[in-house]
Amino acid sequence: MRNAKRVTIVLSEAEQTRLRELRELIAAEKDEIIAEGRRHKAAHDAAAAPLREVLRLLHDERTRQGLSLAAIQARTGIARSALSRLETDPEANPTLTTVTRYAEALGKHLQILLADRIAG
């Protein structure tokens, strides 16, 4: 059995002062950094909402047609586990090719529309 060795580093007074200043700087910016991260996450979640809706519609259509994930796997070549993740994982981020293949396996055509943003 290996024993961990404890290493003690002795810092000079200047190094201790610099380390203390860095910790204070980080503490002062922490709330701002966290808020910025939350804003980015909210923007990401909002942008991902249409994709989540498409994946929900594909799942509903598969269920409506009475098809199993194995049947979709046979039609698309996409692993059943990957298809399941697409339908259930809120963080799923498939390629357009993957979503198109899934839609075509259900006899559907994926259309992408680029439109101006609505103000407000």
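In this chain, numbering begins with 1 at the start of the sequence shown.
Under the side-chain hydrogen bond (donor to acceptor under 3.5 Å, both in side chains) criterion, Thr98 pairs with Thr95, not counting sequence neighbours. Remark: Thr97 engages no residue in a side-chain hydrogen bond (donor to acceptor under 3.5 Å, both in side chains) (not counting sequence neighbours). Taking the salt bridge (charged side-chain N to carboxylate O under 4.0 Å, His left out) definition, one finds that Glu36 meets it with Arg39, sequence neighbours left out. Scanning for side chain to side chain contact (heavy atoms under 4.5 Å, CB included) contacts around Lys41 gives Asp45, Glu91, with sequence neighbours left out. For Val99, the side chain to side chain contact (heavy atoms under 4.5 Å, CB included) criterion is met by Leu51, Val54, Leu55, Leu58, Pro94, Leu110, not counting sequence neighbours. Listed by chain and number, the residues in a side chain to side chain contact (heavy atoms under 4.5 Å, CB included) with Ser81 are Ala79, Arg85 (sequence neighbours excluded). Arg101 pairs by the salt bridge (charged side-chain N to carboxylate O under 4.0 Å, His left out) definition with nothing, not counting sequence neighbours. By the side chain to side chain contact (heavy atoms under 4.5 Å, CB included) test, Ile112 is found to be paired with Leu96, residues two or more places apart in sequence or in another chain being considered. The side-chain hydrogen bond (donor to acceptor under 3.5 Å, both in side chains) test applied to Arg56 returns Glu53, Asp60, not counting sequence neighbours. Annotation: side-chain hydrogen bond (donor to acceptor under 3.5 Å, both in side chains) contacts of Arg23 (sequence neighbours excluded): none.
For the atom pair CG of Leu86 and CZ of Arg52, the computed distance is 8.0 Å after rounding to the nearest 0.5 Å.
When atom types are taken as modelled, the side chain of Thr17 and the backbone of Glu13 share a donor-acceptor pair closer than 3.5 angstrom.
The side chain to side chain contact (heavy atoms under 4.5 Å, CB included) with Arg18 is formed by just one residue from the set Glu21, Gln16, Glu15; it is Glu21.
Under a 4.5 Å side-chain heavy-atom criterion applied to ILVMFWY residues, the cluster that includes Leu19 comprises Val7, Ile9, Leu11 as well.
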Stepwise side-chain contact (heavy atoms from CB on, under 4.5 Å) check, Tyr102 with Lys108
CA-CA 9 Å; Tyr102 191 167; Lys108 301 296 179 183; over 6 Å; no

Under 3.5 Å donor-acceptor pairs involving side-chain atoms of residues 65-76, not counting sequence neighbours:
| residue | atom | partner | partner atom | Å |
| --- | --- | --- | --- | --- |
| Gln65 | NE2 | Glu61 | OE2 | 2.6 |
| Gln65 | NE2 | Leu106 | O | 2.9 |
| Ser68 | OG | Ala70 | N | 3.4 |
| Ser68 | OG | Ala71 | N | 3.1 |
| Arg75 | NH1 | Ala105 | O | 2.6 |
| Thr76 | OG1 | Ile72 | O | 2.8 |
| Thr76 | OG1 | Ile78 | N | 3.0 |

